[in-house]
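Have a look at the structure below, then the notes.
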Protein chains: 2
Amino acid sequence: MADAHDPASAHDPANFPPFAVTVDLVVLTVRDGTLHVLLVERGCQPFAGRRALPGGFVRPEEDLPDAARRELREETGVEALPAHLEQLATYGTPGRDPRMRVVSVAYLVLAPDLPVPRAGTDAAFAEWAPAGPLLAGADEATGQGRLAFDHARILADGVDRARAKLEYTPLATTFCPQRFTIAELRRVYEAVWGCRLDPRNFHRKITGTPEFVVEAGSTTTRGGGRPAQLYRAGPAGWLIPPLLRQRPGSGQ
Amino acid sequence: MADAHDPASAHDPANFPPFAVTVDLVVLTVRDGTLHVLLVERGCQPFAGRRALPGGFVRPEEDLPDAARRELREETGVEALPAHLEQLATYGTPGRDPRMRVVSVAYLVLAPDLPVPRAGTDAAFAEWAPAGPLLAGADEATGQGRLAFDHARILADGVDRARAKLEYTPLATTFCPQRFTIAELRRVYEAVWGCRLDPRNFHRKITGTPEFVVEAGSTTTRGGGRPAQLYRAGPAGWLIPPLLRQRPGSGQ
DNA sequence: TCAAAAGTGTTGAATGTACACCCATGG
DNA sequence: CCATGGGTGTACATTCAACACTTTTGA
């Protein structure tokens, strides 16, 4: 087949027009029993005034995860973050940024309920927003409150990943403070999955999985009722067999 | 904090030095009962003469999955491929390509046992190589037969993803020809996971999952013994509950 | 004393695992 | 007839789901 590219020059990267590379962050937390996502209001074009995922350009000598951590620090003011960070996916469709060809590597962050983030240098302000309404409108045309760029899709992919990972990893503990009760952990699952779980069976499943959580040695009565044992996240990396999502419960 | 970047120029992508963006392909198949990966021998610098994953630079107006499909077509000569293609992960550590800053989006392809691939335009030749030895040496220093760049790590990530996905998706069928027997499908699982599965229970599990496979209406005696029913891949997207890997069996 | 929440016991259903057994073909 | 591999029946162990019940606090 006739190749439009001359083979000699096709192998020299200097002959290709430049791409810009950015990182975008899907930062999730659980507040008041529902899933929230960290958003910024864009302070400059394009999409000025619209809400977007935090993120920015990768620097020339910066590794991708370092860029993600830097952007997160700039938006939240948190230095040593007790959060989980993993690569989500990469989005590079031509035209997704009207300025030029931009390839964006998205990262997923699961964090405990951090203090209200301060405004970063790149954004007019930052805030926690409930994820539900943003997911519901992900496939609509770009309406008033819609996210900039293709961020609604990135957010949907991030929430899907988080929901799936709760099934077979102990990542739900990263949504909790360092010491937490089994009931608090259960409320994380209920918030992320949007369903009810049986408190008794959940308690047995979690405490019955070796190394999933370890007793912290003290109790708390926050929330009222009988004092609950406090736990820390354990060293287990996988939950086998997985914890299965059930259909929305009959009660409530 | 003092930011080394001037905020005004930090938002203009034209002020950032260019990145090159490539796609790399982890193409897996099952041949002779073992997992194989498609490799090319590099025909130009850097790493000339070393084996590598097929891949190449993304063109200016080309979407990422299109670039992956184009590179696969150029290496294998297959136009309409009956294979599964999904994004794997993105690798962008500074220095991974000695020429310049290159961010590579890796794609995972699961394919049936295709005819021997022809040499592509970008490679001296292409061949199927057993995956096992390449995985075993993934953490060694770059020895003689080692892969170029960080491709050993990308390959390991791809094989991990494939192994995990067989558990809860019907993707094993993409390793098979269009019409296959349950035993042939079982041999795919055994090759990818490197363990033995009980033929009776496997048969029941597969045929008992609605929409996972559908009868093709004919039988075959390839392999000898009683004629086996032929099946096609069904419309099911998920395998619930998942098929669990067992430890290497006692027999054999 | 009551309400609320933590934690335990028990039971029937469903599922996974192991393996005996029969079926259909080629040699 | 026998070897080979496809496909089915059955029994045991394990796990899950539902819910009654007890424990321990605050009001």
Side-chain angles (χ1 to χ4, degrees), chain A residues 33 166-168 176 179-190 193 195-210 212-231 238-252, chain B residues 33 166-168 176 179-191 193 195-210 212-232 238-252:
Chain A
L166 290 208
E167 288 190 341
Y168 59 94
C176 296
R179 288 151 76 246
F180 54 87
T181 70
I182 301 294
E184 287 165 354
L185 185 64
R186 175 169 48 82
R187 284 186 206 101
V188 166
Y189 276 88
E190 292 176 337
W193 285 351
C195 67
R196 302 249 133 219
L197 298 172
D198 184 298
R200 287 80 54 116
N201 294 334
F202 184 84
H203 188 279
R204 221 192 322 266
K205 174 87 179 179
I206 297 300
T207 57
T209 301
F212 193 105
V213 292
V214 295
E215 288 193 16
S218 54
T219 60
T220 181
T221 59
R222 60 175 181 244
R226 171 176 169 178
Q229 188 62 237
L230 283 168
Y231 292 85
W238 301 92
L239 181 54
I240 303 172
L243 194 54
L244 289 182
R245 274 177 266 192
Q246 1 176 270
R247 69 210 176 289
S250 49
Q252 171 51 289
Chain B
L166 290 208
E167 288 191 341
Y168 58 94
C176 296
R179 289 151 76 247
F180 53 88
T181 70
I182 301 295
E184 286 165 355
L185 185 64
R186 174 169 48 82
R187 283 185 207 102
V188 167
Y189 276 88
E190 292 176 338
W193 285 351
C195 68
R196 302 248 131 221
L197 298 172
D198 185 298
R200 287 81 55 120
N201 295 333
F202 183 83
H203 188 280
R204 223 193 321 266
K205 176 84 179 180
I206 296 300
T207 56
T209 300
F212 193 105
V213 292
V214 295
E215 288 193 16
S218 54
T219 60
T220 181
T221 59
R222 61 176 181 243
R226 171 176 168 178
Q229 189 61 238
L230 283 168
Y231 292 85
R232 300 178 192 281
W238 301 93
L239 182 54
I240 303 173
L243 192 56
L244 289 182
R245 271 178 270 192
Q246 2 178 260
R247 69 211 174 287
S250 51
Q252 167 55 295

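We name chains A, B, ... by the order of the sequence lines, and we start the count at 1 in each one.
- Look at CZ on B/F202: it is 15 Å from C1' on C/dG16, rounded to the nearest Å.
- Rounded to whole Å, the distance from CD1 on B/I206 to P on D/dG6 is 14 Å.
- Both B/G225 and B/L230 sit near DNA chain D, but only B/G225 has its closest nucleotide nearer the 5' end.
- We find that CZ of A/R200 is positioned 13 Å from C1' of D/dT22, with the value rounded to whole Å.
- Taking atom CZ of residue A/R196 and atom C1' of nucleotide D/dA18, one finds them 17 Å apart after rounding to whole Å.
- Atom CZ in B/R222 sits about 17 Å away from atom C1' in C/dA24, given to the nearest Å.
- The main-chain N or O of A/G33 is never found under 3.5 Å from a side-chain atom of A/E190 such that the two would form a donor-acceptor pair.
- With a 4.5 Å cut-off on side-chain heavy atoms, B/W193 and B/E167 count as touching.
- For D/dG6, one of the phosphate oxygens OP1 or OP2 lies less than 4.0 angstrom from a side-chain nitrogen or oxygen of B/R187.
- For the pair A/R186 CZ and C/dG7 P, the interatomic distance rounds to 11 Å; values are reported in whole Å.
- Nearest to the side chain of B/K205, among C/dG16, D/dC16, C/dA6, sits C/dG16.
- Comparing D/dA20, C/dC19, D/dG6 against the side chain of B/A183 picks out D/dG6 as the nearest.
- In this structure, of C/dG7, C/dT17, D/dG7, it is C/dT17 that holds the atom nearest to the side chain of B/N201.
- In this entry the distance linking CG of A/D198 with P of C/dA5 reads 15 Å, nearest Å.
- A/P241 comes within contact range of the sugar-phosphate backbone alone, with a heavy-atom separation under 4.0 Å but no base atom that close.
- Taking atom CD of B/E215 as the reference point, atom C1' of D/dG6 lies 13 Å away to the nearest angstrom.
- With 3.5 Å as the limit, one finds a donor-acceptor pair spanning the side chains of B/R179 and B/S218.
- Using a 4.5 Å heavy-atom cutoff, the side chains of B/C176 and B/R187 are not in contact.
- With respect to B/Y231, the side-chain contact (heavy atoms from CB on, under 4.5 Å) criterion is satisfied by exactly one of B/I206, B/L185, B/T181, B/I182: B/I182.
- Each of C/dA24, C/dG7, C/dA6 was ranked by its minimum atom distance to the side chain of B/P227; first place goes to C/dA24.
- The phosphate of D/dT8 has OP1 or OP2 within less than 4.0 Å of a side-chain N or O from B/H203.
- In terms of position along DNA chain C, the nucleotide closest to A/R226 lies nearer the 5' end than the nucleotide closest to the other residue of the pair A/R226 and A/R204.
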